[in-house]
Amino acid sequence: MEASELQNAIIDFQVKHHVNDTALAFSSHLSVEKIHAMKIGSGDFTSEEVSQLLSYLQANM
């Protein structure tokens, strides 16, 4: 998945469900810092964390 696709998936989910980064981090069991890093497309996160977030987003769409 491209960084822009991941960013769009996060933002689309947040808009659809009216959640902020903190709420998304809590419910997906990732840190707020990881969510921020994924949204800006840089920082310290692993492919496993991306998979974890994508699985959460898909399960809760």
Side-chain angles (χ1 to χ4, degrees):
M1 172 175 267
E2 295 285 325
S4 62
E5 292 174 316
L6 176 59
Q7 294 163 339
N8 289 336
I10 294 169
I11 293 168
D12 291 345
F13 182 87
Q14 288 180 312
V15 169
K16 181 179 179 182
H17 297 283
H18 308 287
V19 295
N20 60 23
D21 290 351
T22 304
L24 180 57
F26 182 77
S27 59
S28 66
H29 303 284
L30 292 166
S31 70
V32 175
E33 292 80 11
K34 299 289 182 180
I35 300 295
H36 285 302
M38 290 178 201
K39 276 179 67 175
I40 64 170
S42 66
D44 185 28
F45 56 90
T46 65
S47 60
E48 290 84 16
E49 290 165 331
V50 171
S51 294
Q52 179 180 340
L53 180 61
L54 289 174
S55 293
Y56 174 80
L57 296 179
Q58 291 171 348
N60 292 286
M61 278 299 214

Requested in this report: Evaluate whether atom CD of Glu2 has more than 12 neighbouring non-hydrogen atoms of other residues, nucleotides or ligands under 6.0 angstrom away.
Outcome: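 Open.
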Between atom [atom1] of [X] and atom [atom2] of [Y], what is the distance when rounded to the nearest 0.5 Å?
{"X": "Leu53", "Y": "Gln58", "atom1": "CG", "atom2": "CD", "value": "9.5 Å"}
{"X": "Asn60", "Y": "Ser27", "atom1": "CG", "atom2": "OG", "value": "7.0 Å"}
{"X": "Tyr56", "Y": "Met61", "atom1": "OH", "atom2": "CE", "value": "11.0 Å"}
{"X": "Asp12", "Y": "His17", "atom1": "CG", "atom2": "NE2", "value": "10.0 Å"}

[X] side chain near [Y] side chain, heavy-atom distance below 4.5 Å:
{"X": "Leu24", "Y": "Leu30", "result": "no"}
{"X": "Asp21", "Y": "Gln14", "result": "yes"}
{"X": "Leu6", "Y": "Lys39", "result": "no"}

Nearest atoms (heavy-atom pairs only) where [X] meets [Y]:
{"X": "Asp44", "Y": "Glu49", "answer": "O-OE1, 4.4 Å"}
{"X": "Ala37", "Y": "Gly43", "answer": "CB-CA, 4.1 Å"}
{"X": "Ser28", "Y": "Ile35", "answer": "OG-CD1, 4.1 Å"}
{"X": "His29", "Y": "Gln52", "answer": "O-NE2, 3.4 Å"}

